[in-house]
4 protein chains.
Amino acid sequence: MTIRAVVWNEFLHERENAIVREIYPDGIHAAIASHLNAAGGIEASLAAFGEPEDGLSEARLRETDVLLWWGHKAHGAVAEETVTRVAERVHQGMGLLVLHSGHFSKIFKRLMGTPCSLHWREAGERERIWTINRSHPIAKGIGERIEIPASEMYGEPFLVPEPLETLFISWYEGGEVFRSGLTYQRGAGRIFYFSPGHETYPIYHQPEVLTVIENAVRWAHNPAPAWDDVSAAPNRPVEKALEPIKEKGPRLHQAGEAGYR
Amino acid sequence: MTIRAVVWNEFLHERENAIVREIYPDGIHAAIASHLNAAGGIEASLAAFGEPEDGLSEARLRETDVLLWWGHKAHGAVAEETVTRVAERVHQGMGLLVLHSGHFSKIFKRLMGTPCSLHWREAGERERIWTINRSHPIAKGIGERIEIPASEMYGEPFLVPEPLETLFISWYEGGEVFRSGLTYQRGAGRIFYFSPGHETYPIYHQPEVLTVIENAVRWAHNPAPAWDDVSAAPNRPVEKALEPIKEKGPRLHQAGEAGYR
Amino acid sequence: MTIRAVVWNEFLHERENAIVREIYPDGIHAAIASHLNAAGGIEASLAAFGEPEDGLSEARLRETDVLLWWGHKAHGAVAEETVTRVAERVHQGMGLLVLHSGHFSKIFKRLMGTPCSLHWREAGERERIWTINRSHPIAKGIGERIEIPASEMYGEPFLVPEPLETLFISWYEGGEVFRSGLTYQRGAGRIFYFSPGHETYPIYHQPEVLTVIENAVRWAHNPAPAWDDVSAAPNRPVEKALEPIKEKGPRLHQAGEAGYR
Amino acid sequence: MTIRAVVWNEFLHERENAIVREIYPDGIHAAIASHLNAAGGIEASLAAFGEPEDGLSEARLRETDVLLWWGHKAHGAVAEETVTRVAERVHQGMGLLVLHSGHFSKIFKRLMGTPCSLHWREAGERERIWTINRSHPIAKGIGERIEIPASEMYGEPFLVPEPLETLFISWYEGGEVFRSGLTYQRGAGRIFYFSPGHETYPIYHQPEVLTVIENAVRWAHNPAPAWDDVSAAPNRPVEKALEPIKEKGPRLHQAGEAGYR
């Protein structure tokens with residue numbers, strides 16, 4: 001079964017900044033999608049800020065198995081409705097990969113319930129990503145570590161909930177550490193946050209980084225049918241109780257009434 | 001150190017519905033606060049929907065150690081700004097107890113990042129709350145179980161993230177189960193969800209239920225100073241790096257510039 | 001890639017007790033393996049207590065992807081060396097399914113680090129297994145619940161660590177609840193505990209129960225190469241440090257010396 | 001209520017090695033206990049390898065609220081019975097702090113269920129311990145980091161289960177990272193692993209390190225009565241079921257019979 005991935009990119013820096021454009025002439029999303037499309041079993045398409053409905057209509061999300069999210073300067077401009085649509089689809093089972101500065105995206109904060117804040121420094125310093133569980137599907141082919149020659153520093157404390165699994169932790173030349181690869185489950189959806197990827201460095205051209213992303217797409221793909229009513233809170237009427245019960249006491253709701261939300 | 005608790009209540013059913021009013025003439029919040037104030041070491045005050053700023057101004061939240069939340073029919077009417085203020089204070093270290101139908105409150109969904117949906121039935125059936133960890137501070141004095149003679153059924157699946165600790169699981173006469181006591185950590189704040197408490201039954205007059213709530217207030221109280229800048233993402237400039245580093249490569253940000261949000 | 005499963009069974013009750021023998025004439029392990037072998041992509045073989053090395057030699061474990069464990073009255077008679085071999089293979093990446101009374105097996109207690117105790121009653125009462133996450137691969141094809149017409153009651157508190165995922169919770173006719181499906185990760189190995197399966201009832205002939213077991217075998221299979229040195233604590237000598245460092249201060253160990261264990 | 005702490009030390013290096021003796025003339029345990037006894041509310045005593053019953057008799061453990069464990073070269077010589085006694089007390093509610101090389105102690109491996117392996121280097125390099133949750137009781141008074149001027153490197157992968165809370169992560173001069181402060185719950189007992197503390201460096205004289213240990217003693221103290229029968233698996237006979245049930249089907253156990261272990 002082919003995994004349908006959509007790589008969403010803010011796609012602003014590549015158009016406005018010559019340095020970034022030189023590294024990613026067609027955008028960060030295109031660089032990532034190009035790797036995914038060559039990997040086998042994945043069909044990756046592009047979406048960007050500025051497109052109608054932020055490029056993520058209800059219909060498109062329905063046909064997306066895994067969404068990748070790269071954003072930075074326009075987090076605040078993404079429509080709340082888009083965030084709600086994406087969150088609902090994650091709850092129904094769509095996988096989500098949040099990359100680098102996406103830590104501060106509305107969608108990541110919405111799904112984490114925390115500030116997702118951190119410390120940072122843009123100095124092109126060396127980052128060494130240590131693999132905590134080298135046998136995890138997301139770490140396939142990676143080995144004990146990845147070296148990023150020039151990286152933006154992201155430092156702890158990273159204000160996220162304790163993850164399902166801590167997969168990668170980074171060391172920085174300037175003295176910081178960061179939990180750079182974390183997995184979460186929200187409803188039926190699997191989420192992976194992966195921190196490397198500053199736009200002024202060619203990090204998304206580095207094979208090991210692309211391998212992690214590709215692995216994570218496969219891991220986040222939930223082949224179960226979409227859990228369409230994941231947000232519903234249906235009444236189970238007394239007469240349909242699995243064990244015979246008799247109604248007792250006073251009632252707030254009338255028969256057939258929907259619950260409050 | 002006295003714990004400053006605020007019991008927030010929607011306070012609508014008690015005014016509109018004679019059955020509820022008879023059970024809680026001064027409101028559910030008053031019944032709970034009355035127990036807390038008699039417990040020793042806790043100073044509980046009331047807040048309600050309909051008050052200015054939903055009764056939870058910035059100033060008041062600053063002086064609140066633990067907030068208790070009961071809401072039902074007016075979830076949608078609580079201001080987004082209120083939810084944001086409360087969430088920020090939880091991240092800074094304020095404890096939060098979410099009670100019963102509060103599972104669908106905006107604040108609980110905001111902090112969980114999931115639908116928080118469930119199944120329900122209002123039949124006054126028997127609920128038996130099993131204690132999973134009887135040595136947990138929240139279960140102090142409870143023993144192996146609590147019997148609720150007449151309860152609203154809340155049934156799994158309960159769409160919340162896997163908790164820090166599963167403290168209570170409920171059995172229902174009609175055949176369902178529910179994770180009725182769950183702990184979470186979000187930023188510096190501790191959260192406890194506790195499911196019993198339907199407004200047409202005198203559940204908040206039952207001593208064991210009040211004991212759990214009292215215990216949970218003590219548990220959720222974080223005596224650490226508020227983590228005021230928990231949501232900030234400060235830059236650590238190159239010249240202040242803890243290890244001497246030399247800046248390399250191109251830059252997106254200029255010196256002294258704030259990061260994007 | 002075919003998954004190599006081994007179904008280990010104590011295989012005592014089936015030989016000693018006429019009731020059990022009638023239900024499982026070739027043993028519980030044979031009933032389970034028969035389903036797995038018919039499922040496609042799984043090659044299941046049998047192992048039993050009483051065989052040399054408890055049927056689980058080093059060589060055999062090397063060629064096992066997923067081990068299923070059913071034991072009851074002979075837990076104490078399983079050799080410590082067997083438990084150590086199995087635990088080591090789990091750490092290296094072998095999947096493990098622990099079934100029913102296996103909660104008290106040495107291997108499960110070894111991997112959990114807790115008593116794994118519970119309450120029980122043998123009364124042939126009804127058990128209703130609620131699915132918490134119906135989109136999890138282990139719940140594929142199950143839907144919202146499984147009904148077991150006659151089951152042994154296993155009741156909370158179940159003394160295990162908080163799991164990675166709570167997949168199933170059971171309701172019992174006699175008034176108890178139990179976390180009947182739990183996942184864990186230990187080293188590179190995935191573990192699934194699944195509680196239904198008392199030997200005097202035909203539970204392992206029930207299609208939904210067999211489906212869960214089959215799904216869990218696929219889920220627990222880790223295709224990564226065995227993490228052979230998962231238990232080693234190698235020295236990284238100063239001269240091979242990834243960042244150039246100078247040795248400072250006194251030393252306990254001499255160059256080339258192994259660490260203590 | 002005074003917390004009764006016991007600091008257990010292998011106490012071999014201090015007697016055999018002049019360098020270690022100079023730093024800790026009365027032993028590492030004495031240095032730690034001296035701080036704890038001066039801290040207020042804690043009464044710390046010493047226990048050591050070589051004493052009868054490893055210094056940890058049943059009677060003594062009964063009167064211990066929190067046990068601290070430092071061992072290194074004699075892990076293998078600690079009696080299995082001692083490990084079983086200590087584990088049982090942890091399950092009943094005794095707190096446990098495992099320090100530095102104690103990662104490879106029998107008791108830590110017993111409670112974790114994993115190899116607890118890591119990488120190491122003894123080069124006196126700089127370690128910087130980053131606080132992940134500065135508002136956690138264990139981090140009280142610590143701030144954003146602790147600098148250890150000369151430390152033994154402990155590097156990932158650290159083969160432990162995903163913790164309850166990741167409190168500290170260390171950066172090392174030579175290029176590694178390590179999860180240096182982790183919390184766990186096993187039965188009613190709380191466990192904290194804290195990695196700094198190599199015996200040839202004066203780490204247990206450093207105020208911040210002692211503060212973390214002191215905080216952790218307070219955090220690990222469970223004031224609940226000991227859960228004496230935490231390992232028992234009692235039968236709940238049919239006639240005492242909370243809901244009236246009729247026995248159905250065949251039985252393996254006879255009335256009043258104990259379960260298998």
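Chain A is the first sequence line, chain B the second, and so forth, proteins listed ahead of strands; every chain is numbered from 1.
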| said: Are there over 12 heavy-atom neighbours, none belonging to D:Glu247, within less than 6.0 Å of that residue's CD? | reply: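 Count over threshold, so yes.
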Non-hydrogen atoms of chain C under 4.5 Å away: do they reach the side chain of [X], the backbone, both or neither?
{"X": "D:Asn235", "answer": "both"}
{"X": "D:Pro250", "answer": "both"}
{"X": "D:Glu162", "answer": "neither"}
{"X": "D:Ala232", "answer": "backbone"}
{"X": "D:Tyr172", "answer": "neither"}
{"X": "D:Val20", "answer": "side chain"}

Pairs of heavy atoms under 4.5 Å with chain D: top-ranked of [options]:
{"options": "C:Glu122, C:Glu243, C:His198, C:Met112", "value": "C:Glu122"}
{"options": "C:Pro161, C:Cys116, C:Gly189", "value": "C:Pro161"}
{"options": "C:Pro234, C:Ser231, C:Ser101", "value": "C:Pro234"}
{"options": "C:Gly174, C:Gly249, C:Gly175", "value": "C:Gly174"}
{"options": "C:Leu118, C:Val90, C:Ile19", "value": "C:Leu118"}
{"options": "C:Thr200, C:Leu242, C:Asp229", "value": "C:Thr200"}

| query | C:Trp120 side chain to D:Ala233 main-chain N or O, any donor-acceptor pair under 3.5 Å? | reply |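 It does hold such a pair.
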| field | Side chain C:Ser117, main chain D:Val230, donor-acceptor under 3.5 Å | value | yes
If you count heavy-atom pairs within less than 4.5 Å of chain C, which of [options] leads?
{"options": "D:Glu88, D:His91, D:His75, D:Lys106", "result": "D:His91"}
{"options": "D:Glu199, D:Arg186, D:Lys240", "result": "D:Arg186"}
{"options": "D:His72, D:Glu125, D:Arg110, D:Glu173", "result": "D:His72"}
{"options": "D:Leu111, D:Leu164, D:Val160, D:Asn17", "result": "D:Leu111"}
{"options": "D:Ala87, D:Pro115, D:Pro149", "result": "D:Pro115"}

| message | A side-chain contact here means heavy atoms from C-beta on lying under 4.5 Å apart; do D:Ile245 and C:Arg121 qualify? | response | yes
Separation of [Y] [atom2] from [X] [atom1] (nearest 0.5 Å):
{"X": "C:Leu252", "Y": "D:Glu16", "atom1": "CG", "atom2": "CD", "result": "9.5 Å"}
{"X": "D:Glu152", "Y": "C:Arg251", "atom1": "CD", "atom2": "CZ", "result": "11.0 Å"}
{"X": "D:Gln185", "Y": "C:Thr114", "atom1": "CD", "atom2": "OG1", "result": "11.0 Å"}

Please find the pair of heavy atoms, one from [X] and one from [Y], that lie closest to each other, and give the distance.
{"X": "D:Gly124", "Y": "C:Lys248", "result": "O-CE, 2.7 Å"}
{"X": "D:Pro157", "Y": "C:Trp227", "result": "CG-CZ2, 3.8 Å"}
{"X": "D:Gly187", "Y": "C:Leu159", "result": "CA-CD1, 3.6 Å"}

| query | Parallel, tilted or perpendicular: which describes the rings of C:His13 and D:Tyr260, with under 30° parallel and over 60° perpendicular? | reply | tilted
| task | Heavy-atom distances under 4.5 Å only: say whether C:Tyr201 touches chain D with side chain, backbone, both or neither. | result |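 For C:Tyr201, side-chain heavy atoms alone lie under 4.5 Å from chain D.
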| field | Segment of C:Lys246 engaging chain D (4.5 angstrom heavy-atom cut-off) | value |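 The backbone, not the side chain.
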| field | Steps toward salt bridge (charged side-chain N to carboxylate O under 4.0 Å, His left out) verdict (D:Glu176, C:Arg236) | value | CA-CA 10 Å; D:Glu176 281 87 357; C:Arg236 285 220 185 91; 3.0 Å; yes
